[in-house]
Amino acid sequence: MAAAAAASGAGEKRKRPNGGDGDEDECGHLRASMEQAQLVMEKLREIENGLIQRERAIGGTADTSEPSAERMRDMLAFNVAGDTTVKVRRSTLCAVKGTVIALLFSGRFDDAFLVGKLNTYVGVQTIDTIVIPPSRQNDTPFKYWVELLMSDPGYKRRANRVQIPPLTQDHQQQGEGGQEQQESDAEALSVELPSMIRRAKDARDAQMERLEAIKPLLKTGDSEEDSLVSIEVSGATVTVTKGVATSLGADSTFANMFTKYDPDSHEEDPEYVRRIVDVVARSHMMKQTAVKAADVRGAVGETDLKGFRHALTMYGLDSDRYLGPADGLLTTDHLHKMPQWCEGRNYPEAPSIPSCVGEPVVRIYKATVDGWRWLDFSDAVKGHSPLLIIFRVADSNELFAIIIEGPVEVTGTAESTPDTKSFAFKLRGTDSHPYVGYIGWGSKMDIAGTQERAAPLIDFSSPDSDVRAVLGVAGFSFGVRPAAQQIQIGAPTAASDGELKRCQGFMLQADQPDEWRQWQRPGVRPSDHGWGGDVVFLPVSVKGFHFEIDEFEAYKLA
């Protein structure tokens, strides 16, 4: 009976538990798999076509094949900055695969490459390494172009990617077991399809980044903007595109140097001019609305600063705006040190201090130029904050600085005491007393009115006497007068006419750094003057508590 049942069932189709037809079900899965594979192929073609269209849009040939061996033997000649011819083999420029420079010189963009956009320095003949010499680490024109051209947008993607070995002829075995091996490879390949698509997208994104990186180095398609203009500088030719030349304004001094003035009349060092042109070209390439001070500072390199400043002025760029005033007391080194001196101290956090002199750190007041009167100073700094005040002690050449969080504003005829934090520093000592560093901070600021000076302050230079000042911040009082002058008949009464020249400066004994303790200074207690408190105040200048100032400047920090 069992045999008969088996024979009877042999002619019937096997049924699935859910009632579906077995053969039809298998065929349906096969067709669905083929459709999915087709979708994968279409997606990959879409990715490829997107890259081809992007390359064509920026002037490339959209030839995605590897450059031929013959093309790699091409010897390319470049006119660098208009006066230097550099020859290099294409294979050298394309040696580091995946980099921006390898794509740029692959041969697919030769017709779109814009001569004169790349400037190199110190006679670089070839670029075969991404290691930048220590002497060029702070040379922005050199470092920028090397890092841009040698960058590899796909490096991180490749580092994190799971490597999938391709099917090789060895895997496609023939004969006994060959069919099983092929089916096994196909199944393995299907499992990795999602990873393959992710790799394709990664490759697309990396190539898009390379294309974006080289786009500013190619012709824009606007014949007027792409045209080249040149000037002769001390026998050397400096060339830029008209688009770069007019990027600061069609009638700017920079544009006129290339388009209107006599092209043979320039006598500056061509190195200065090339670096200034490079700053403007990079600003234009990155579509910045204005040249940035940091880029100008970085372009100085190892050139003579005085000569570079002169060239900036000649080409219409304000050297004081970008590099700070040539006669200024404040230096970039000072700005670096002050935040370091503030670290680890138990007081409110000091305001952010920019890292370099030059925009946004702009000088807005200089006493020897703008006047020493309280009104001269207060008018110049009105509305600006935070502020940095820096002043020099007459005869000793010591430098002090104060950072003031809020604005210094005269609100009327009477004095005022706003809740404004300030922080004081000594920036330069003397040969006999070289100590520098943090001095102290204050939570309030004493400001004179137009008629009245600040509230009475302890006169540390004279027992049992007080002084008045036009400004009191973080241990310093400006515009104080000697005790005898406080009652002098005919002495000026209006605070607006008072001068900043005479100063009183002190620090708390508890705040002095260890190295300052070797400096034996006379101490004063508030209780000695009938004031409350038993802390000890010490002078910060070798001149004593009171000293004359021979220069006084104010900078806005934002």
Side-chain angles (χ1 to χ4, degrees), residues 341-342 344-350 374 389 391 400-406 408-426 435 437-449 451-488 491 493 495 498 500 502-514 516-517 519-547 549:
W341 291 333
C342 287
R345 294 193 174 274
N346 185 25
Y347 52 63
E349 183 178 358
W374 169 237
I389 293 173
F391 51 98
F400 295 94
I402 303 170
I403 294 176
I404 304 173
E405 283 193 347
V408 177
E409 294 184 340
V410 176
T411 57
T413 59
E415 53 87 18
S416 60
T417 308
D419 293 330
T420 301
K421 297 183 181 65
S422 54
F423 305 82
F425 308 89
K426 188 169 187 177
Y435 317 116
Y438 164 80
I439 291 176
W441 77 284
S443 60
K444 293 182 180 295
M445 178 167 55
D446 293 302
I447 300 177
Q451 296 297 317
E452 297 179 10
R453 294 173 178 264
L457 306 167
I458 296 176
D459 181 355
F460 293 120
S461 67
S462 178
D464 300 326
S465 66
D466 299 332
V467 296
R468 290 179 179 266
V470 294
L471 179 66
V473 283
F476 287 93
S477 301
F478 300 93
V480 301
R481 291 178 292 175
Q485 197 181 77
Q486 303 296 319
I487 57 175
Q488 179 180 340
T493 57
L500 299 164
R502 188 167 180 81
C503 180
Q504 175 175 276
F506 63 88
M507 73 185 305
L508 292 176
Q509 184 182 53
D511 287 335
Q512 65 173 326
D514 290 341
W516 288 44
R517 297 180 187 281
W519 179 11
Q520 299 300 320
R521 293 163 289 169
V524 174
R525 298 175 185 273
S527 55
D528 297 339
H529 292 260
W531 291 57
D534 200 36
V535 296
V536 177
F537 294 101
L538 301 173
V540 292
S541 169
V542 297
K543 307 296 290 184
F545 282 110
H546 282 200
F547 46 85
I549 302 171

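Interatomic distance, Thr411 OG1 to Ile447 CD1, rounded to the nearest 0.5 Å: 7.5 Å. Residue Arg468 holds its CZ atom at 10.5 Å from CG of Asp446, rounded to the nearest 0.5 Å. For the atom pair OG (Ser461) and NZ (Lys543), the distance works out to 14.0 Å, reported to the nearest 0.5 Å. Of the inter-residue distances, the one linking Phe460 atom CZ with Ser465 atom OG reads 10.5 Å to the nearest 0.5 angstrom. We find the CH2-NZ distance between Trp516 and Lys426 to be 5.0 Å, quoted to the nearest 0.5 Å. Here the straight-line distance linking atom CZ of Arg525 with atom CD of Gln509 works out to 7.5 Å at 0.5 Å rounding.
No side-chain heavy atom of Ile458 sits under 4.5 Å from any side-chain heavy atom of Phe545. Side-chain contact between Pro513 and Trp341: absent, with no pair of heavy atoms (C-beta onward) separated by less than 4.5 Å. Within the 4.5 Å cutoff, the side chain of Val470 has heavy atoms near those of the Arg453 side chain.
In this structure a side-chain-to-backbone donor-acceptor pair under 3.5 Å is missing from Arg521 to Leu538. Without hydrogens or angle criteria, Asp511 side chain to Leu508 main chain gives no donor-acceptor distance under 3.5 Å. Remark: side-chain polar atoms of Ser416 are not paired, donor with acceptor, to backbone N or O of Pro418 under 3.5 angstrom. Listed for the Gln512 side chain is no donor-acceptor partner under 3.5 Å among the backbone atoms of Met507.
Ring geometry, Phe391 versus Phe476: the interplanar angle exceeds 60°, so the pair is classed perpendicular (tilted spans 30 to 60°). Classified by interplanar angle (parallel below 30°, tilted 30° to 60°, perpendicular above 60°), the ring pair Phe423/Trp441 is parallel.
The two atoms that bring Pro539 and Gly544 nearest to each other are CB-C, 3.7 Å, heavy atoms only. Heavy atoms only, all atoms of each residue included: Gly523 and Val536 are closest at CA-CG1, 3.9 Å. Heavy-atom minimum distance, Trp374 versus Ala495: CB-O, 3.4 Å. When all heavy atoms of Ser477 and Ala469 are compared, the pair lying nearest together is CB-CB, 4.0 Å.
Across Ile439, Val473, Leu471, a single residue satisfies side chain to side chain contact (heavy atoms under 4.5 Å, CB included) together with Ile402, and that is Val473.
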Stepwise side chain to side chain contact (heavy atoms under 4.5 Å, CB included) check, Leu500 with Ile549:
CA-CA 8 Å; Leu500 299 164; Ile549 302 171; 5.8 Å; no
Could you go through Asp466 and Trp531, starting from their C-alpha distance and side-chain angles, then the distance that decides it, and tell me whether this counts as side chain to side chain contact (heavy atoms under 4.5 Å, CB included)?
CA-CA 11 Å; Asp466 299 332; Trp531 291 57; 3.6 Å; yes
